[in-house]
Structure formats: structure tokens, C-alpha cells
2 protein chains.
Amino acid sequence: MTGLERDKPAVRILLLEDDDPVRDRLARIIDGWPGGRLVASCATLGEAIRQITDETIDLLITDLNLPDGHGVQAIRLLRERQPEAQAMVISVLADDRTVIDAIEAGATGYLLKDSDPIDIVAAIGDLLAGHSPISSKIARTIVRRLGGREPPSGATAPPPAAADAQLLTPREMDILWGIAKGFTYGELAERLQISKQTVPVHIRNIYRKLQANNRSEAVYEASRRGLIKL
Amino acid sequence: MTGLERDKPAVRILLLEDDDPVRDRLARIIDGWPGGRLVASCATLGEAIRQITDETIDLLITDLNLPDGHGVQAIRLLRERQPEAQAMVISVLADDRTVIDAIEAGATGYLLKDSDPIDIVAAIGDLLAGHSPISSKIARTIVRRLGGREPPSGATAPPPAAADAQLLTPREMDILWGIAKGFTYGELAERLQISKQTVPVHIRNIYRKLQANNRSEAVYEASRRGLIKL
DNA sequence: CGAGCCCTACCCTGTTCATGGTATCGCGAT
DNA sequence: ATCGCGATACCATGAACAGGGTAGGGCTCG
């Protein structure tokens, strides 16, 4: 060591971004920031996986769309191998699934590329201060996930399930059970003694209420919200 | 009927803030903003409740600490009476309980007073654009709520998975995760970087091993056997 | 080195699903 | 009494899925 590391522990940063100009720009900024040390600057998931496996990382800054995989995979691996490390996403992706996936994988920061020029150093500082720098568009997805809607009629609902209790109608709950168990339209119709034309109507309504687009997603969502337990 | 609902798309804003100087300052800013109309500027929860009950509101901007109650109560009432309306918190409070309460009550914006001078107009615009202007410190609380749990890869879960651990191959477990979350062939193929022809092959093998005939059944079975936890 | 398994990939075919629209009936609320 | 909504029902179309067969490359293990 030639005195690069003094008393202050520099933040070991791993950068993962497939777009060359963007990566270089970010790398330069990070390199020029005295508080951090750029462990590596990767263009592929594979390279990042190698780095995460071999090196000690404090902070992963990653894109999501990668030529050989998805940035969330890097986040997952990082959280597994180095639970103390932080992860921040910098991406153009803003759809609900991607955002929720990233957050659930352990990302604590999420900046949208499309917005105004990113102050990456400020975001890193924010993150390391225990905050979550998140673009407002991304935040909305997360907030929606928590807050949803529908007013609690009483004062305060202790269990989260109580809030969603009225979300689905009784019939929809019947249908939900059915799709969780893998029944087809026909089986469900027979079991509930209704026309097989009616089943998809209920299913559509369930999808709308749970913001799902197919059966598995609906079951996953319903389970997550405590509407059903598998 | 006063018949003025369609003429102008000015945002009807209700301000609730007990601190006089702060309230006046915010009121002036909002008043000077051509995009919005200040319906009322309240110093107490009681006054705000009256306004929410009697007037049509598009956006509530509220403090939380109030002399006669809590701002969250105003948010709850608003969401109950006027579900289309938005709510934004401006407060010094940042504890988990308060933040989660506010978000669950329906707030889609949450700015911390202590931070840098608030650009309230930008935040309002953000909010009305469908985003969620949220201070990064607040965001961390929310993110923790969503993602702060255990990493999905069961590093320390030998008891349940032991018997069936070898039932599915690693790749099949990847696929299983995907179908539990509702991914299509194409999405799964992209995320795992394999051909979309290969995905159904794995799925078929999973069905065979779990004795399932469709996705929901497979997820149900896998969950029941402890292969995945939703 | 051949056996066995996993992962990969493609072909084909029939079924099921997702999604739109439209409509009737009953019930509780306005 | 009209309105909103839940539940029921039908039609139609394109996308996605299930299930069958075939097969090459890579890996490990006797």
C-alpha cells in the first residue's frame, strides 16, 4: 500500500453498467470522489459476479438491463455473500415489477436514468447516511405497494390483512382459492356451480384489484397480502 | 350545483400546518402558483376536517404534529371522503411508525422539513404527475419495510427443504421462482438468458416432479412442500 | 469410455387463458 | 325510484400455455 488508504475507510464501490460511455462517466466521477474507491467497473453480469465473489464490496451501483442477465441477480448475490453491503440501482426501467424486484432483492437506492443529470456522489452520500435516494417516479411504485388505497373504516386496523379483507368480494375469494389450487375455468365453474363464462369475469376483477396479469401473479400477490395462506 | 368543476383544471389544494410562519409561507407560494388554487389554509385538524367534509379537494398538504390531533387523521378522512384526492406530508417527523402510518393512510408524498429548503411547487408537480416526492430519509423507512427482510436464498433453512432439496435441480428452482412471480416464458427466458423454447422444458420437468399440471398448482405444491416461501 | 443426468434448443398441436365488449338481475343506498 | 355494484352470462380474438417428441453438448462417475 502506498498510502492510498489513510485513516478513513474508503467506500469500496463496484460499478456494473453495460453502456460504455455511461460507465466510464460514472467511473470517473466515483474515482474523483475522495470518499470512495472503485473496486471494479464491470460491463457484464458475469464480471460483476466474479467481483462480488472475490472482492469485498461496500456498495454496488448497478444497471438492470445487462447483456448477460439482470442487475437484480447481482444484488441478490451481493446480499447473500456480503449482507452488510448496500446496493443502488441506476436504470431506465421503471415498471412495477422491476422496481419491486429490485427493492425486494435488497436495493436501497434507485435512480432513474431518464430524469435530470444524476448527482451520483450526493446519492452515494445519502445512501451511506442511511437514507434511500430514490427518484420520485420509482418512489410512487413503492408507495403504492405499501399504501394502496381504500380507507380504513374504523380507526386503525392492527393486522395488515384486515385492511385488505374487503378488497375482494366473497365470490372473488372463492375464485382466488380455485386459481391458487390450479383449477381451470371449467373446474372452477363446476365446483362453484356457475357458468364457465362467469369465471374469467371474476378473475379479471381479481387481477384488477391485485394489479396482477395472470394467475400466478395473483396468487403470489394474494399470498403476500395475507388474503390466502398456502 | 355551482357548476365550476369542468372549467378550470386548477388543482384545489388544502393546506394544514399549525406553525403560522411556515403555513403563511407555503400558502403564499401556492397562491402564487398559477396551477393551483388554495381552497383553505388550516392551522388545526378540526378546521381541516371541516374543509375536507365540505369542500372538494384535489391535494392535501399537511403537517403531522397538530395541536388538536394528528395529520394522518386528516389523510384518512380525505381518502375516505374523496378517494381521488392526493395527500402529501410535510413534517419533521421521520420515525418508522409515523412514516408507515402516513403512507398506509394514503399519503403519496412525504417531505422532511429539516432538509434543504423545500421546493413545494416542484413536489406538487411531481405528485400530480403520478410520482412520489419523498425525502430520502423517509424513503429508507419505506424501502426497509418492503425489502429489509431475509434474502430469498435459504442459506439457513435446512429443516424444511432437506427432504426435497434435491427434488428440483438448481435451474428448475430458478424457473420455479419465476412462475411463482407470474413471469411468462419470454420474461423468464430473458431473465435467465436462455431461449424461450427451453423454459417450458424446465417447467414440464417441474410439473412432473411436483405432480402438477399448471403453474398455479406447481406453485401451490412447491409452497406446501416448503420449496419456496411466498 | 460409456451411462446417466442436466441444460440447452427446436418442432408441432391442441387447449387454456387474458381481455375486450355487452347485458341481465337483485340488492342496498341515495 | 334511480344508481351503483356484485354476480351472473355470452361472444370473440390473439396470446400464452401444456404436452409430446427429438437431440446435441457438458459433466460426473464407475
Side-chain angles (χ1 to χ4, degrees), chain A residues 45-46 49 68-69 73 95-97 149-151 153 164-222 227, chain B residues 1 53 80-84 164-222 227:
Chain A
L45 179 63
I49 287 174
D68 60 339
Q73 299 175 258
D95 62 288
D96 286 16
R97 178 178 293 165
R149 55 220 140 274
E150 75 85 45
S153 315
D164 287 332
Q166 300 290 10
L167 181 56
L168 297 186
T169 68
R171 207 46 159 178
E172 284 163 0
M173 287 301 297
D174 295 340
I175 300 279
L176 182 58
W177 259 110
I179 66 180
K181 293 206 170 186
F183 293 132
T184 66
Y185 287 167
E187 290 169 331
L188 220 24
E190 191 183 347
R191 194 164 280 244
L192 296 178
Q193 286 298 298
I194 59 179
S195 159
K196 88 181 55 171
Q197 319 295 334
T198 305
V199 175
V201 177
H202 290 303
I203 293 185
R204 275 206 298 271
N205 292 331
I206 293 173
Y207 288 171
R208 183 172 40 76
K209 292 181 179 178
L210 296 184
Q211 301 183 313
N213 298 300
N214 57 52
R215 287 153 175 252
S216 301
E217 229 173 337
V219 171
Y220 185 83
E221 222 5 66
L227 294 175
Chain B
M1 300 301 178
T53 307
E80 190 175 324
R81 297 298 182 87
Q82 310 191 37
E84 298 306 308
D164 289 327
Q166 299 294 6
L167 181 56
L168 297 187
T169 68
R171 206 46 159 178
E172 284 162 1
M173 287 302 297
D174 294 341
I175 299 278
L176 182 58
W177 254 110
I179 66 180
K181 291 206 169 188
F183 293 132
T184 66
Y185 287 166
E187 290 169 330
L188 220 24
E190 192 182 345
R191 271 177 176 66
L192 297 180
Q193 288 299 120
I194 58 179
S195 158
K196 88 182 58 171
Q197 319 293 335
T198 305
V199 174
V201 177
H202 290 303
I203 293 185
R204 277 205 300 274
N205 292 332
I206 293 173
Y207 289 171
R208 185 171 39 75
K209 292 180 180 178
L210 296 183
Q211 301 184 312
N213 298 303
N214 56 52
R215 286 153 176 251
S216 300
E217 231 173 334
V219 171
Y220 186 82
E221 239 340 85
L227 294 176

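So that the names make sense, note that chain A is the first sequence line, chain B the second, and so on, each numbered from 1. Quick caveat, the model's predicted, so the values are computed rather than measured. Only this structure's heavy atoms are used, side chains among them; waters, hydrogens and symmetry mates stay out.
Note: NZ (B:K196) to C1' (D:dA16) measures 11 Å, nearest angstrom. Rounded to an integer number of Å, the gap from CG of B:D174 to P of C:dT8 is 9 Å. Per the geometry, CD1 belonging to A:I175 stands 12 Å off P belonging to C:dC17, to the nearest Å. Going from atom CZ of A:R208 over to atom P of D:dG6 covers 8 Å, rounded to whole Å. A:I206 has its CD1 atom 13 Å from the C1' atom of D:dG6, to the nearest Å. Rounding to whole angstrom units, CG of residue B:L176 and C1' of C:dC7 are separated by 17 Å. Per the geometry, NZ belonging to B:K209 stands 11 Å off P belonging to C:dC5, to the nearest Å. Spacing between atom CG of A:L192 and atom P of D:dT8 amounts to 8 Å, rounded to whole angstrom units.
Nearest nucleotide to the A:P200 side chain, out of C:dT19, D:dT8, C:dA9: C:dT19. Which of D:dA16, D:dA9, C:dT8 sits closest to the side chain of B:I194 comes down to C:dT8. When the nucleotides D:dA18, D:dA9, C:dC17 are ranked by their closest atom to the side chain of B:N214, D:dA18 comes out on top. Distance from the side chain of A:R215 is smallest to C:dC17 among C:dT8, C:dC17, D:dC10. For A:T169, whose side chain is taken as the heavy atoms from C-beta onward, the closest listed nucleotide among C:dC17, D:dG6, D:dT8 is D:dG6. Among the nucleotides D:dA7, D:dA18, C:dC7, the one closest to any side-chain atom of A:R171 is D:dA7. The side chain of B:V201 approaches C:dC10 more closely than any other nucleotide in the set C:dT19, D:dG19, C:dC10. Closest to the A:Q197 side chain, of the nucleotides D:dA18, C:dA9, D:dA9, is D:dA9. For B:E172, whose side chain is taken as the heavy atoms from C-beta onward, the closest listed nucleotide among C:dC7, C:dA9, D:dA18 is C:dC7. Proximity note for B:H202 (side chain, C-beta onward) versus C:dT19, C:dT8, C:dC10: the nearest is C:dT8.
Between C:dT16 and B:N213, no contact under 4.0 Å exists linking OP1 or OP2 to a side-chain N or O. A close approach under 4.0 Å does occur between a side-chain nitrogen or oxygen of A:Y207 and OP1 or OP2 of C:dA18.
Among the protein residues, A:N205 comes within range of no part of the nucleic acid, since none of its heavy atoms lies under 4.0 Å from any strand. Among the protein residues, A:T198 comes within range of the nucleic acid bases, having at least one heavy atom under 4.0 Å from a base atom. Residue A:Y185 is classed as a base contact, given a heavy-atom separation below 4.0 Å to a base.
Counting heavy atoms of neighbouring residues, nucleotides and ligands inside a 6.0 Å radius, atom CD of A:E190 does not exceed 12 of them.
When each of A:K209, A:H202, A:R208 is paired with A:N205, the side chain to side chain donor-acceptor pair (under 3.5 Å) condition holds for A:R208 and for no other.
You'll find a donor-acceptor pair under 3.5 Å spanning the side chain of B:R204 and the base of D:dG21, going by distance alone.
B:Y220 places no side-chain N or O within 3.5 Å of a backbone atom of A:V219 that could act as its donor or acceptor partner.
Residues B:I194 and B:R171 approach most closely at CG2-NH2, 3.3 Å, considering heavy atoms. Nearest heavy atom pair, residue B:R215 against residue B:Y207, reads N-OH, 3.0 Å. B:G182 and A:N214 make their closest contact through O-ND2, 2.7 Å (heavy atoms, listed as atom of the first residue, atom of the second, distance).
Nearest-nucleotide assignment on DNA chain C puts the 5′-proximal partner with B:P170, out of A:I203 and B:P170.
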